[in-house]
Amino acid sequence: MKLKEQINHLIQDAFVKAGIDEKPISVTEATQPQFGDYQFNGAMALAKKLGMNPRQIAQELAGHIELGGIITKTQIAGPGFINLWLNPSWIATACEAAFHDTRLGISKNENPLKVVVDYSGPNMAKQMHVGHLRSTIIGDTLANLLEFLGDEVIRQNHIGDWGTQFGMLIAYLEETGNEGSAQLCDLEQFYKEAKARFDADEAFANKAREYVVKIQSGDQHCLNLWQKFIDSSLGHCEEVYGKLCVKLTREDVKAESFYNEDLPQVIEDLLAQGLLKESDGAQCVFLEGEEIPVIVQKGGGGYLYATTDLAALRYRANVLGAKRICYVVDARQGEHFKQVFQVAKTSHFVPEDVKLEHVAFGTMMDRSGKPFKTRDGGTVKLIDLLEEAVVRAKESIKNKEGMSLEEIDELAKIIGIGAVKYADLSINRESNYIFDWDKMLSLEGNTSLYMQYAYARIQSIFRRFGGEIEANIQISDELEHRLSVMLLRFEEVLLKAAQDAAPNQITTYLYELVGLFMRFYEQNPILKEDVSKELQMSRLALSALVARTIKEGLEILGIEVVNKI
RNA sequence: GCGUUCGUAGCUCAGCUGGAUAGAGCACUCGCCUUCUAAGCGAGCGGUCUCAGGUUCGAAUCCUGACGGACGUACCA
């Protein structure tokens, strides 16, 4: 249900009827319940433009707003606000329609857009740490969201599997043989040991350097070892993805090395277009208005990540056919993407109509507000964080009666992992954020547990009721009115969140929805004796809609629900 | 130095396509379980929206400047 859009149509009609040849600004949700459900604030600006009295214009417009359908009442307030009240019977009918629709009345994009979402992108030389959390879950949420709205999503995991440190790791893998394979289960440790060997033993260091060259020239033995290493490392990532309920699979992996063959061609094509310029021995693209050039080939002939990104961009645009490409990457790389996108467009590697977006997110800070250091042993491994989350969730499960040990474990997993993901998804992605165990693993307030709890409460009612729910909704009070309108807003919230690539808009919505539901639950009895059959059925149907909205919303965020808590 | 970005309650954060008395959670105080799951609900406390100008009928939101933090600033990714 595109609620706001429908109201905007009515306003537009009123404009036409009033003979005003302007495009009205969109209505917004009322700031206070006393001001109705929606408000139109465009009269003041319009008055200015037409040189008229704002209240008079508001009066004129309000007089032309069609009543009886969606809107039941209008009111002029303040300097010229037009407050709008929605028609309860119309709301009820709309909710009933949503009830009968498997997609809650949310339409699918009729012209699906092919979208590439690039996210996670772990480095194969290292274990995933908390710094990878945001890209992984924001990206997955964005992909889920676009998929739900009907777009054709292509997930891309641009893993870092190429570079000088691999020579060292592979040399060490070979040296340790099968024993080394076993040690790979702790990548961090493996890396440290390899580094220690590299620093201590000159012969080993030379061998490592040789290996880099050999891999790059296609030596089969070295490539086999390299492949073995990558497989193992990727296995670690998949373990994390599994725990996180992130949908990335091997199919989505397009590693850096995948683009190797195209790199010389990228340089050649740039050269052919006269975009390259040598500077201090390196091949550069100098962009207008940019002081610092984009270096695409080192003085020694090696390629850089800008080169790989250009190759990846044109692969995605031309081979995959994407019309929107989203890079869910740390905000610190903003300058890099700005430049690479510009090169991709000026070189026509990527057609003009393809939207390139850097879905940036903030830097992680420690508790004192300083940047989270990853070098000084301050790294928190992602796998450890997730395990800790599950342990904490398990400790907090109070009512263990009636639940088997397996059920408790399962519940702890869902609550704990949900808490971690929700904590991250619910803050504005662009701002920096504080990494704090207590905050992240908290189960109070605006957390996933709040939504899961509401969901479980509703399921509990359904179990008690046991019958078939018929959607025959009647809005019996102010609270039910607001709850229903909130339910109908879901589609537009999702659309806006997709457009802005902002998961926190979804969490904010869910929190408001559930907040309303909790009050409704406390105040409006459902299965009590003195509740009429009609009212009972109506409230059951509203509860069912709330439950399904929570479930769908959390599913997009990659968080599960449970029937019992 | 230059650039990007942020600065909202004691803490963590929403709100930022300009709109009516700036919202939550945590913490603190006080109510509510013989009644559908109290991991909940209600009430209270708490703010010169960093500061100074400007635009506007109207600014937390837009513009300029200052201060403070974070990040980036050519051969790492």
Side-chain angles (χ1 to χ4, degrees), chain A residues 25-26 28 30-32 34-35 39 41-42 44-45 47-48 54 77-81 83 121 123 158 160 162-165 256 279-284 286 290-300 302-306 308-309 329-336 338-339 360 362-363 365 367 369-371 396-399 415 423 426-428 430-434 436 438-439 442-447 449-450 452-454 456-465 496 504-505 507-508 511-512 515 518-531 536 539-540 543 564-565:
Chain A
I25 59 165
S26 174
T28 57
T31 52
Q32 310 264 338
Q34 73 209 40
F35 299 143
Q39 56 183 205
N41 301 334
M44 282 82 83
K48 176 87 178 170
F81 297 104
N83 296 332
N123 188 328
H158 191 80
W162 209 246
T164 47
Q165 74 267 57
E256 277 183 305
S279 176
D280 290 338
Q283 294 299 325
C284 307
F286 284 86
E290 294 277 343
E291 285 191 25
I292 295 148
V294 182
I295 300 177
V296 290
Q297 190 170 24
K298 295 193 232 184
Y303 304 106
L304 297 99
Y305 72 133
T308 314
D309 278 337
V329 181
D330 194 304
R332 283 178 286 195
Q333 293 189 41
E335 190 70 13
H336 164 71
K338 193 178 149 205
Q339 292 189 326
T363 311
M365 311 295 219
R367 221 187 267 240
K370 291 185 181 128
S396 74
I397 296 174
K398 289 187 282 190
N399 296 330
I415 292 176
S426 61
I427 60 170
N428 186 325
E430 292 187 71
S431 51
N432 293 346
Y433 84 112
I434 312 276
D436 180 341
D438 293 329
K439 175 89 203 305
S442 155
L443 296 172
E444 283 175 6
N446 183 11
T447 64
L449 181 64
Y450 186 64
Q452 288 164 329
Y453 181 58
R457 275 182 145 184
I458 296 170
Q459 298 312 311
S460 172
I461 294 172
F462 293 163
R463 278 195 299 275
R464 268 170 193 274
F465 174 65
K496 183 74 166 37
N504 76 308
Q505 292 177 12
T507 62
T508 298
Y511 187 58
E512 281 173 20
M518 287 295 195
R519 287 171 61 190
F520 162 81
Y521 178 91
E522 301 278 341
Q523 287 178 34
N524 298 17
I526 300 173
L527 301 179
K528 301 292 166 60
E529 280 172 13
D530 53 347
V531 182
Q536 190 173 93
R539 288 177 178 171
L540 280 168
S543 301
K564 235 198 261 184
I565 286 181

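Naming convention: chains lettered A, B, ... in sequence-line order (proteins, then strands); numbering from 1 in each chain.
Among residues two or more places apart in sequence or in another chain, the salt bridge (charged side-chain N to carboxylate O under 4.0 Å, His left out) test is passed with A:E522 by A:R457. Under the rule for a ring-ring contact (aromatic ring centres under 6.0 Å, His included), the partners of A:Y511 that lie at least two apart in sequence or sit in another chain are A:Y450. For A:Q339, the side-chain hydrogen bond (donor to acceptor under 3.5 Å, both in side chains) partners are A:E290, not counting sequence neighbours. For A:A423, the side-chain contact (heavy atoms from CB on, under 4.5 Å) partners are A:M440, not counting sequence neighbours. Under the side-chain contact (heavy atoms from CB on, under 4.5 Å) criterion, A:S431 pairs with A:N428, not counting sequence neighbours. Contacts of A:Q459 classified as side-chain contact (heavy atoms from CB on, under 4.5 Å), with partners at least two apart in sequence or in another chain: A:Y455, A:F462, A:R463, A:A547, A:N563. Annotation: ring-ring contact (aromatic ring centres under 6.0 Å, His included) contacts of A:Y305 (sequence neighbours excluded): A:H336. Here A:N83 pairs with A:Q75 under the side-chain hydrogen bond (donor to acceptor under 3.5 Å, both in side chains) rule; sequence neighbours left out. Judged as a side-chain hydrogen bond (donor to acceptor under 3.5 Å, both in side chains), and not counting sequence neighbours, the contacts of A:K496 are A:D500.
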Review point. How does protein contact run along nucleotides 21-31 of chain B, one letter per nucleotide 5' to 3', with B for base contact, S for sugar-phosphate only, - for none, heavy atoms under 4.0 Å?
Key: B--SSS-----

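Between A:Y450 and A:Y433, the residue anchored closer to the 5' end of RNA chain B is A:Y433, taking for each the nucleotide with the nearest heavy atom.
B:C63 and B:A22 have their P atoms separated by 23 Å, with the value rounded to a whole Å.
Residue A:L304 is classed as a sugar-phosphate contact, given heavy-atom separations below 4.0 Å to backbone atoms only. Nucleic acid contact for A:N524: base, since at least one base atom lies under 4.0 Å from a heavy atom of the residue. Among the atoms of the strands shown, only primed sugar atoms or phosphate atoms (P, OP1, OP2) are found under 4.0 Å from some heavy atom of A:T508. Within the 4.0 angstrom heavy-atom criterion, base atoms lie near A:G299.
Closest to the A:T31 side chain, of the nucleotides B:C36, B:A14, B:A20, is B:A20.
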Protein N or O to nucleotides 2-5 of chain B N or O, pairs below 3.5 Å:
none

Exercise for review: Could you provide the dot-bracket string of RNA chain B, using ( ) for intrastrand pairs, [ ] for crossing pairs and | for bases paired to another strand, with Watson-Crick or G-U pairs below 3.5 Å?
Suggested key: (((((((..((((.....[...)))).(((((.......))))).....(((((..]....))))))))))))....

